[in-house]
Structure formats: structure tokens, C-alpha cells
Amino acid sequence: MTLLSEDQSARPQPCLLSEPGKHISTSLDQYRPDSKEDYMDSVETSVFGAVEPPRRSRGRLVLHSLVMFGREFCYAVEAAFVTPVLLSVGLPRSLYSLVWLISPILGFLLQPIIGSASDYCRSSWGRRRPYILVLGILMLVGLSMFLNGDAVVSGLVTDRLSRSTWAIVVVMFGVVLFDFAADFIDGPIKAYLFDVCSHQDKERGLHYHALFTGLGGACGYLVGAMDWGHSVLGRLLGSEYQVIYFFSALTWGIFLVVHLFSIPEKPLAKEPSESSPSSSLLLLGPHSNGYGALGKEPISPVIPTPTSDNRPRSYSALGERPRSFSALGEANSVTSSAKQPIKEDQKKMTFRSLMKAIFNMPNHYRFLCISHLLGWAAFLCNMLFFTDFMGQIVYRGNPYAEHNSTAYVTYERGVEVGCWGLCINAVSSALYSYVQRFLLPYIGLKGLYFMGYFVFGMGTSLIGLFPDVIATLILCSVFGVMSSTLYTIPFNLIAEYQREEEEQIKLQGGNESPRGTGMDCAALTCMVQLAQIIVGAGLGALVNAAGSVIVVVLSASSISLIGCIFIALFIRYVE
């Protein structure tokens with residue numbers, strides 16, 4: 001049996017089987033190694049050359065990246081309106097940050113399992129896309145409950161107290177469901193990009209992701225900044241929130257479908273049956289025994305079974321591992337699995353084993369996760385409550401006032417202007433994602449990482465100290481620098497770390513391979529959930545103790561500057 005290879009069409013090729021008394025095909029007749037070592041060297045070379053996916057056109061990468069536009073569009077709507085909506089339906093101020101706590105707890109517990117499980121998914125549609133589809137549908141359901149829950153409850157419940165209680169429950173459940181799915185979907189999207197793209201295309205794809213993330217956020221905040229209540233659409237659909245929901249659901253649905261059909265995935269093959277062990281096509285690949293591995297097993301070398309004229313005819317051991325590309329492309333290695341098929345590895349995928357794998361990661365991965373945690377904690381402190389900050393501090397409105405009062409109208413005006421500020425943030429994020437490419441040769445990835453945190457920390461401190469409308473709107477541009485940094489630099493660093501590992505493995509001639517991409521992306525994404533847990537658990541109490549929401553921007557500034565120091569001291573420099 002020969003090794004499988006990939007052609008430019010990325011379709012699995014049939015295995016060549018030898019029959020007793022016959023030579024294998026002409027391709028092996030032309031290859032006659034002088035020794036076992038020469039044979040293995042040639043096998044290794046052919047395998048390393050086969051795993052690189054074909055180059056993708058710019059159009060394919062753009063279509064693949066459009067999902068980030070839709071996701072960030074919906075995220076912008078959530079960030080701009082969750083706090084005002086919850087406060088308007090009567091949620092107490094001391095509890096309004098807790099809505100951000102439930103979803104990240106679930107995400108932190110389940111994200112590694114989903115990330116690793118997607119490495120082993122055997123769906124005929126691919127490994128990542130089934131997860132993306134399910135999570136995308138959950139996002140749409142959560143968005144529907146969040147923006148329409150108050151209106152639906154008001155139409156069904158007449159009692160004022162019960163209506164307020166049910167409105168809080170439905171809206172909170174919608175926020176939790178949306179936030180859970182939107183956070184989870186990022187890992188499979190990044191892993192999908194890494195799986196189907198070559199080394200050069202991965203960096204291009206990440207930049208397109210950052211570009212459309214910024215553009216999607218800008219459009220989402222722009223929609224939120226407009227007064228739809230007195231428009232034709234507002235009168236037709238019922239209220240401002242229903243108009244925003246219409247645009248959000250339409251944008252997300254279209255771009256999710258485009259993403260799912262942008263670049264085809266090659267599915268993992270089915271396990272061969274016992275009666276015909278070689279009847280199925282197998283995708284061969286590494287199974288790491290280091291960080292990210294679920295269990296260790298001995299590696300059995302591939303030994304050709306010679307024919308009567310000493311030509312290699314078939315292999316005595318053929319791996320049945322799923323192939324998992326790292327951030328820059330892993331090489332196939334053939335392992336023995338006749339006694340331990342892949343289903344046994346899937347049984348080992350427990351939360352405990354995955355958490356152990358993450359906690360035992362190399363130091364440079366661990367430090368990267370910690371810096372990512374600090375960055376997201378600072379960013380979320382500011383972003384999740386920025387429109388509320390504009391309404392209460394900058395415009396001096398009151399979200400608890402009667403809805404027809406001047407204080408509440410002033411607060412709503414502050415929220416709308418806050419959306420304009422977040423729109424500026426999103427545009428600057430898209431622009432900075434391209435500026436990064438020109439700065440990279442001069443200051444490197446670590447320098448870009450440090451600069452993003454430093455600029456954000458200084459900008460938010462000025463906003464907290466001088467809460468003026470014009471100054472605040474201008475300084476919103478620094479939010480985009482941080483956003484683009486968080487969405488690109490950590491993943492680029494992981495890509496570089498894994499490339500170094502691959503090169504070291506090649507030089508050492510070892511059989512070990514880097515981790516699956518799903519595990520690496522999940523480890524970073526877990527830090528987003530953990531940051532949200534910290535912000536949700538602590539910020540509400542901090543605001544209650546301080547008596548003012550101005551503490552949110554000052555907290556964001558402090559955490560970001562601490563992150564600068566951590567990056568300077570602990571993040572490994574990459575050429």
C-alpha cells in the first residue's frame with residue numbers, strides 16, 4: 001500500500017494495493033532504494049512535500065473572510081445595546097455585568113473540548129464546517145431573543161411586574177446564547193483557515209480576517225448609531241431594535257453561507273471495516289505525543305514488505321490517524337494504529353486531559369496565553385460598557401429614568417454617539433490591520449504586540465481623565481489598534497512558534513509532530529472566555545463600590561499597561 005498524497009484539486013487519491021505474484025505499479029518500479037534508510041528518507045521527503053495545501057486565490061480568501069464581517073457586525077450590535085437594553089428592562093446596576101459571566105464560564109469549560117474534537121471530526125462535510133454551521137445557527141437564535149425579547153414579552157404578558165421579570169430572563173438568555181456561540185465560533189473559523197491554506201495564504205487570510213472584522217464592526221456600530229425609530233423601516237417593523245435585528249440577521253445569514261462554501265474541506269476518511277481493512281481511503285497524519293496530545297502510544301516504523309525480487313510491495317503498518325495541519329502546515333508521519341484505532345483516542349478526550357494538555361504547554365505558549373488574557377480583559381472592560389459610559393458620564397443621562405423623560409432621552413443620545421465612537425474604532429481597526437504589514441519589518445511581531453497594548457492603555461486613560469465628547473470620539477481610534485492586535489498578532493506568533501517546531505523536528509529527524517490547530521486556537525480562545533469571566537465577576541462590584549462607570553475605562557487602561565510590561569519581559573521574540 002502506498003502513501004496517500006494530495007494533488008492540486010485537494011482530492012484524496014486511491015491507495016495502490018499489490019496482489020500476490022504481481023509487482024506494484026510503475027511508480028514504485030521506478031523507485032528502487034539501495035537500503036532501508038534510503039527508502040525511509042524518500043518516504044519522509046514525499047510526505048513532507050504532500051501536506052502543503054494548494055495556493056488559494058484572493059477571491060477565495062475574501063469569501064472565506066466575509067464570515068468575520070457578519071460575526072463582528074452582530075458583535076457590534078451586542079456590544080452597543082446589551083447594557084442599555086438590560087438597564088431599560090429593569091436589571092439592577094449591581095447585576096448588569098453578570099450577564100457577561102455565564103457564557104464565558106461555559107466557554108472556558110467546553111472550548112478546549114470542541115477545539116480538540118474538531119480535529120477528529122469525521123463528517124463528510126469536513127472537520128470545521130459542521131461546528132461553524134451549528135454555532136452560527138445558535139448565534140442567530142440568541143440574537144433574535146436578545147433584540148426581540150422585550151417586544152415579544154410585552155405582547156404576551158400584561159402584568160407589569162411579571163413582564164419586567166420575563167423580559168430580563170429572555171433578554172439575558174438571548175445574550176448568553178449569542179455570546180456563547182459567537183465566542184466559540186472563532187476557534188473553528190481560524191482552524192478552518194489554517195487547514196485549507198498554504199503557509200503564504202495563512203498570513204494573507206489572517207489579514208483579510210482582521211480587515212473584515214474592522215469593516216463589519218464599523219457597519220454594525222453605524223447601524224446602531226442611526227435613529228431608526230422615526231424612519232419608515234422603524235414604523236414598518238415596529239421599533240428601532242427590530243430594524244437593527246433585521247439588518248443583523250440578514251448580514252449574518254448571507255455571510256455565513258458564503259463562508260461555508262468558500263473553500264472546500266477535505267473530510268477525514270471513515271475507519272476501515274474489519275472485513276476489508278484497506279477498502280477505505282485514509283488521510284494520514286501526525287499524532288502529537290507532546291503538548292496537546294491526549295495519550296501516548298509507541299510509534300511503529302513503516303517497513304516495506306519485499307517481493308521475491310526485493311522490490312518494496314506494501315507496508316506492514318499503516319497509520320489511521322486524522323491529519324491535522326498546524327498553523328504553517330504539518331508533515332505527515334505514519335504511525336501504527338491497528339491495535340489502537342482512532343476511536344480510542346476520542347474516548348480519551350475529557351475535560352481533564354485537555355486541561356492538563358493546556359497547562360503543560362511550553363513556556364512561550366503559556367506566556368502568550370497570559371498576555372492574551374490581559375489584553376482581552378482590558379479590551380472588554382472598555383468595550384462592553386463604553387456606550388453606557390458615554391450615556392452616563394459624557395452626556396450625564398440616566399438609564400433608570402422614565403422612558404419619556406429628558407434624562408433618559410439624553411442617555412439614549414449618549415448611547416447613539418457611543419456607537420459612532422465604536423464605529424471609529426472599527427474603521428481604525430481595519431486600517432491598522434494593513435498598517436501592521438508595513439510596520440512588521442521594522443519592529444517585528446513582539447514590537448507590534450507591545451505597541452498595541454501601550455497605545456490602548458494611554459488612550460483609555462485620557463478618556464477616563466478627560467470625558468469630553470470630541471476628545472473621546474477622537475481617542476476611540478486607539479481601540480481599533482488594540483482590536484486588530486488581539487485578532488492577529490497572537491495567532492501569527494503561534495504560527496511562527498509552530499513553524500520553528502516543525503523545522504526542529506525536520507532537522508532532528510524525529511517522528512513527533514506539532515499539535516492540532518484546533519487545540520492551539522482553543523487555548524488562545526479560552527483566554528477570551530476567562531477574561532470575560534474576570535470582567536463579569538469583578539467589574540459590576542467595582543462600579544457599585546465606586547459609584548460611577550468611569551472606573552471601567554480606568555481599569556482598562558491599568559490592565560493594558562500591565563500587559564505592556566508582561567509582553568516586554570516574557571513574550572519570546574520571533575525574527
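Only heavy atoms go into these numbers, but all of them, side chains included; no hydrogens, no water, no symmetry mates.
Looking at heavy atoms from C-beta onward, L143 lies in side-chain contact with L147 at the 4.5 angstrom threshold. Between D388 and I393, the closest side-chain pair of non-hydrogen atoms is not below 4.5 Å. By the 4.5 Å heavy-atom criterion applied to side chains, R128 and Y131 are not counted as neighbours. For the pair V543/S548, no side-chain contact is recorded, criterion being any heavy-atom separation below 4.5 Å from C-beta on. Side-chain contact between L61 and C197 is present, with at least one heavy-atom pair separated by less than 4.5 Å. Side-chain contact between L373 and C369: absent, with no pair of heavy atoms (C-beta onward) separated by less than 4.5 Å. N425 places none of its side-chain heavy atoms less than 4.5 Å from the side chain of S477. Annotation: side chain of L211 is not in contact with side chain of S65 (no heavy-atom distance under 4.5 Å).
By the 6.0 Å contact criterion, CH2 on W228 is enclosed, its count of non-hydrogen atoms from other residues, nucleotides or ligands being greater than 12.
Atoms OG and CG, on S461 and L561 in that order, are 6.5 Å from each other to the nearest 0.5 Å. Interatomic distance, OH of Y432 versus CE of M482, reported as 11.0 Å (0.5 Å rounding). Atoms CD1 and CG, from I370 and L530 in turn, are 10.5 Å apart once rounded to the nearest 0.5 Å. Here CG of L493 is found 11.5 Å from OH of Y573. Values are rounded to the nearest 0.5 Å. Note that SG of C419 is 8.0 Å distant from OH of Y221, once rounded to the nearest 0.5 Å. Summarising the geometry, atom CE belonging to M68 is positioned 3.5 Å from atom OG1 belonging to T213; distances are rounded to the nearest 0.5 Å.
Side-chain atoms of R413 do not come within 3.5 Å of backbone N or O of Y395 as any donor-acceptor pair. The closest donor-acceptor contact from the side chain of R71 to the backbone of A182 lies under 3.5 Å. A donor-acceptor pair is defined here as one N or O able to donate and one able to accept, closer than 3.5 Å; such a pair exists between the side chain of S557 and the backbone of G457. With R129 contributing its side chain and L260 its backbone, the two residues share a donor-acceptor pair below 3.5 Å. A donor-acceptor contact shorter than 3.5 Å is absent between the side chain of Y241 and the backbone of G149. Side-chain atoms of S428 come within 3.5 Å of backbone N or O of I424 as a donor-acceptor pair. Between the side chain of S484 and the backbone N or O of G480 there is no donor-acceptor pair closer than 3.5 Å. In terms of modelled atom types and a separation under 3.5 Å, the side chain of K446 and the main chain of A568 share a donor-acceptor contact. Using a distance-only test at 3.5 Å, with no hydrogens or angles considered, a donor-acceptor pair links the side chain of S560 to the main chain of Y453. A donor-acceptor pair under 3.5 Å links the side-chain atoms of H259 to the main chain of H64, judged by distance alone.
Listed here is the closest heavy atom pair of F385 and L380: CD1-O, 4.4 Å. Of all the heavy atoms in A546 and V551, the pair that sits closest is CB-CB, 4.3 Å. For the residue pair V157 and S162, the shortest heavy atom distance occurs at CG1-CB, 3.9 Å. For A531 against A377, the heavy-atom pair with the smallest separation is CB-N, 3.5 Å. Scanning all heavy atoms of the two residues, the minimum distance from C423 to A218 falls at SG-O, 3.3 Å. Among all heavy-atom pairs drawn from L135 and P188, the shortest one is CD1-CG, 4.5 Å.
Between the side chains of Y449 and S371, at least one donor N or O lies within less than 3.5 Å of an accepting N or O. The closest side-chain donor-acceptor pair between D186 and Y487, if any, does not fall under 3.5 angstrom. Q392 and N398 form no side-chain donor-acceptor contact under 3.5 Å, judged by distance and modelled atom types alone. Side-chain contact, R58 with Y208: a donor N or O sits under 3.5 Å from an acceptor N or O.
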* Assess whether side chain to side chain contact (heavy atoms under 4.5 Å, CB included) is satisfied between V170 and V152, documenting all intermediate values. => CA-CA 9 Å; V170 172; V152 172; over 6 Å; no
* To do: Given ring pair (Phe, Tyr, Trp, His ring centres under 6.0 Å), test F247 with W252 step by step and report yes or no.
  => CA-CA 9 Å; F247 284 116; W252 175 241; over 10 Å; no
* To do: Any chance you could lay out the side chain to side chain contact (heavy atoms under 4.5 Å, CB included) test for T460 and F479, step after step, and finish with the verdict?
  => CA-CA 8 Å; T460 48; F479 302 165; 3.7 Å; yes
* Asked: What's the verdict on side chain to side chain contact (heavy atoms under 4.5 Å, CB included) for F386 and V552, showing C-alpha distance, side-chain angles and the deciding distance?
  -> CA-CA 8 Å; F386 180 73; V552 300; over 6 Å; no
* Would you sort out whether M451 and L439 count as a side chain to side chain contact (heavy atoms under 4.5 Å, CB included), showing the intermediate values? => CA-CA 11 Å; M451 188 174 73; L439 295 177; 3.6 Å; yes
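Taking the six-membered ring where the residue is Trp, the centroids of F491 and H209 are separated by 6.0 Å or more. The ring of F184 has its center closer than 6.0 angstrom to the ring center of F180.
The aromatic rings of F570 and F367 sit tilted relative to each other, their planes meeting at an angle between 30° and 60°. Classified by interplanar angle (parallel below 30°, tilted 30° to 60°, perpendicular above 60°), the ring pair Y408/Y411 is tilted. Ring orientation note: the planes of F69 and F212 are nearly perpendicular, at an angle over 60° on the 30°/60° scale. Between F454 and F450, the two ring planes are parallel [angle under 30°; tilted spans 30° to 60°].
In summary, of the residues considered (T472, V415, L422), a side-chain contact (heavy atoms from CB on, under 4.5 Å) with M390 occurs for T472 alone.
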